> 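Dumping the structure here so I can ask a few things about it.
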There are 2 protein chains.
Amino acid sequence: MNKNDLRILKTKQNIHLALTKLLKKKALPHIKVTELCREANINRGTFYFHYQEVGDVFKEYYEEVVMDLKESYNEPYRHTVILDPKNLNPKTVRIFHHIKKYEEFYRIILSKEVPLEFYLMLFDEIRSILMEDKHAVLPKEIKDYLYSYSANAIIGLIIEWYRRDFQESADEMNVLLVNILRLKV
Amino acid sequence: MNKNDLRILKTKQNIHLALTKLLKKKALPHIKVTELCREANINRGTFYFHYQEVGDVFKEYYEEVVMDLKESYNEPYRHTVILDPKNLNPKTVRIFHHIKKYEEFYRIILSKEVPLEFYLMLFDEIRSILMEDKHAVLPKEIKDYLYSYSANAIIGLIIEWYRRDFQESADEMNVLLVNILRLKV
DNA sequence: AAATTTAATGTACATATGTTCAATAAAGTA
DNA sequence: TACTTTATTGAACATATGTACATTAAATTT
């Protein structure tokens with residue numbers, strides 16, 4: 001199975017286009033394989049040759065999106081220590097900008113019908129971003145919990161942001177995060 | 001439709017028993033309606049008379065579990081201000097004990113195949129528990145975000161706990177939470 | 001105990017799933 | 001260009017979904 005085979009590239013592109021089209025009409029779990037293939041003008045057998053279920057197609061997208069999140073952290077003005085309010089500069093936090101950029105995408109990720117898997121992918125990604133920060137020397141176990149605590153706390157803000165229909169700007173979210181951290185609750 | 005009709009109670013009980021049995025073998029989304037009805041010895045039409053999908057049966061369980069979580073906060077030694085480390089007494093936090101009590105249940109809730117809906121139910125429940133605490137006077141918007149931040153931070157610990165197979169005791173988790181809050185990160 | 005209500009059953013039907021396989025066509029390779 | 005590889009197709013099959021409805025049986029009500 002040659003990943004660069006033109007036939008495969010075309011097929012996958014058709015499926016991707018069909019999925020984005022269908023996602024505007026209905027939630028991911030309600031999109032049927034049959035429906036997706038009809039929309040993409042490909043045979044159902046071809047679908048099953050590449051994927052197991054509709055969610056797998058979405059996962060391919062998601063990997064691109066996560067790539068963007070990763071890349072946004074490999075730039076010159078790289079952040080230093082995110083979750084230390086003493087050092088935190090709102091501009092250093094890129095996560096909210098990333099979410100805003102892919103807002104339509106995260107509306108799907110955060111909708112209740114969708115498998116937790118996508119949420120956990122976001123969690124792991126944010127967690128690993130936080131792990132790159134230098135933290136005070138702490139026992140490994142505490143650190144593991146601390147990263148999970150902090151990563152999910154940020155997603156907590158994102159959930160609230162989503163529920164408020166992403167009204168606030170990404171910069172406002174960064175200021176909000178700083179304020180919450182300053183509360184030291 | 002009389003909720004107390006013996007026929008309904010029996011049918012639902014059979015379905016519940018069948019689901020718990022099947023859940024020991026496979027993940028929730030892989031349990032088919034047909035399969036569940038075969039196991040419960042009820043007609044498939046009867047199932048669709050009461051539910052839309054297998055997940056709805058699970059939701060009925062979940063409501064009982066959430067009830068327990070709620071009740072654990074209506075007891076004499078009620079907590080005061082959970083997320084203020086200065087006042088926090090590990091014994092006052094009941095969430096981890098609740099999770100441990102329904103460990104098998106939360107293993108399902110936190111497994112990747114399951115819809116985000118169940119996660120969000122837990123989120124909303126913990127969030128509303130935190131909302132009962134008296135916080136310093138803050139603008140409503142900040143408060144909304146703060147509660148989402150704190151509630152999800154706790155679930156972050158629970159995710160990590162789950163991934164470590166719930167090895168730590170609930171008391172150890174409370175101590176851990178206090179330590180993290182004392183770090184003021 | 002008889003009458004009434006309605007949950008549960010059995011059957012049917014159109015559609016979807018997930019898999020298999022031989023035939024075809026479109027790509028890559030010599 | 002001719003040859004080779006393999007992705008795609010189409011057809012078939014067993015099983016599952018979701019809905020509908022007349023019949024049956026088990027409840028509740030009188």
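The chains referred to below are lettered A, B, ... by the order of the sequence lines, with proteins before strands, and numbering in each begins at 1. Just so it is clear, the structure is predicted and the values come from calculations on it, not from any experiment.
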> The side chain of A/Phe49 lies closest to which of these nucleotides: C/dA27, C/dA7, D/dA7?
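Of C/dA27, C/dA7, D/dA7, D/dA7 is nearest to the side chain of A/Phe49.
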
> Considering only heavy atoms from C-beta outward, does the side chain of A/His98 approach that of A/Tyr73 to under 4.5 Å?
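No, every pair of side-chain atoms sits at 4.5 Å or beyond.
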
> Contact class for A/Asn43 (heavy atom, under 4.0 Å): base, sugar-phosphate, or nothing?
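Since a base atom lies under 4.0 Å of A/Asn43, the category is base.
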
> Taking N and O atoms by type only, does the side chain of B/Arg7 place a donor or acceptor under 3.5 Å from a partner on the base of D/dA26?
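Per atom types, the contact qualifies.
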
> What's the closest nucleotide to the side chain of B/Tyr48 if the choices are D/dT19, D/dA7, D/dA16?
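My answer, after comparing the listed nucleotides, is D/dT19.
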
> Nearest heavy atom decides the nucleotide; on that basis, is A/Lys32 or A/Thr46 closer to the 5' end of DNA chain D?
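Comparing both residues, the 5'-ward one is A/Thr46.
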
> Compute the ring centroids of A/Phe118 and A/Phe58, then answer whether they are less than 6.0 Å apart.
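Yes, close enough.
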
> Using a cut-off of 4.0 Å on non-hydrogen atoms, how would the nucleic acid contact of A/Lys12 be classed: base, sugar-phosphate, or nothing?
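It contacts nothing in the nucleic acid.
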
> Among A/Ile99, A/Leu110, A/Ile109, find the residue that satisfies the side-chain contact (heavy atoms from CB on, under 4.5 Å) test when tested with A/Tyr162.
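Result: among A/Ile99, A/Leu110, A/Ile109, A/Leu110 is the only option passing the side-chain contact (heavy atoms from CB on, under 4.5 Å) with A/Tyr162.
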
> Closest approach to the side chain of B/Arg44, judged atom by atom: which nucleotide of D/dT19, C/dT9, D/dT8 is it?
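When the side chain of B/Arg44 is considered, D/dT19 is the closest of D/dT19, C/dT9, D/dT8.
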
> Tell me whether the side-chain N/O atoms of B/Thr34 come closer than 4.0 Å to OP1 or OP2 in D/dT17.
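For D/dT17, OP1 or OP2 has a side-chain N or O of B/Thr34 closer than 4.0 Å.
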
> Per the end-axis method with five pairs at each terminus, what is the bend angle of the helix from C/dA1-D/dT30 to C/dA30-D/dT1, to 10°?
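Rounded to the nearest 10 degrees, the bend comes out at 30°.
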
> Taking for each residue the nucleotide of DNA chain D with the nearest heavy atom, is it B/Arg38 or A/Thr11 whose nucleotide lies nearer the 5' end?
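This one resolves to A/Thr11.
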
> By nearest atom, which of the nucleotides C/dT17, C/dA7, D/dA7 is closest to the A/Ile8 side chain?
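The answer is D/dA7, which lies nearest to the side chain.
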
> Does D/dA27 have OP1 or OP2 sitting under 4.0 Å from an N or O in the side chain of B/Lys10?
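Yes.
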
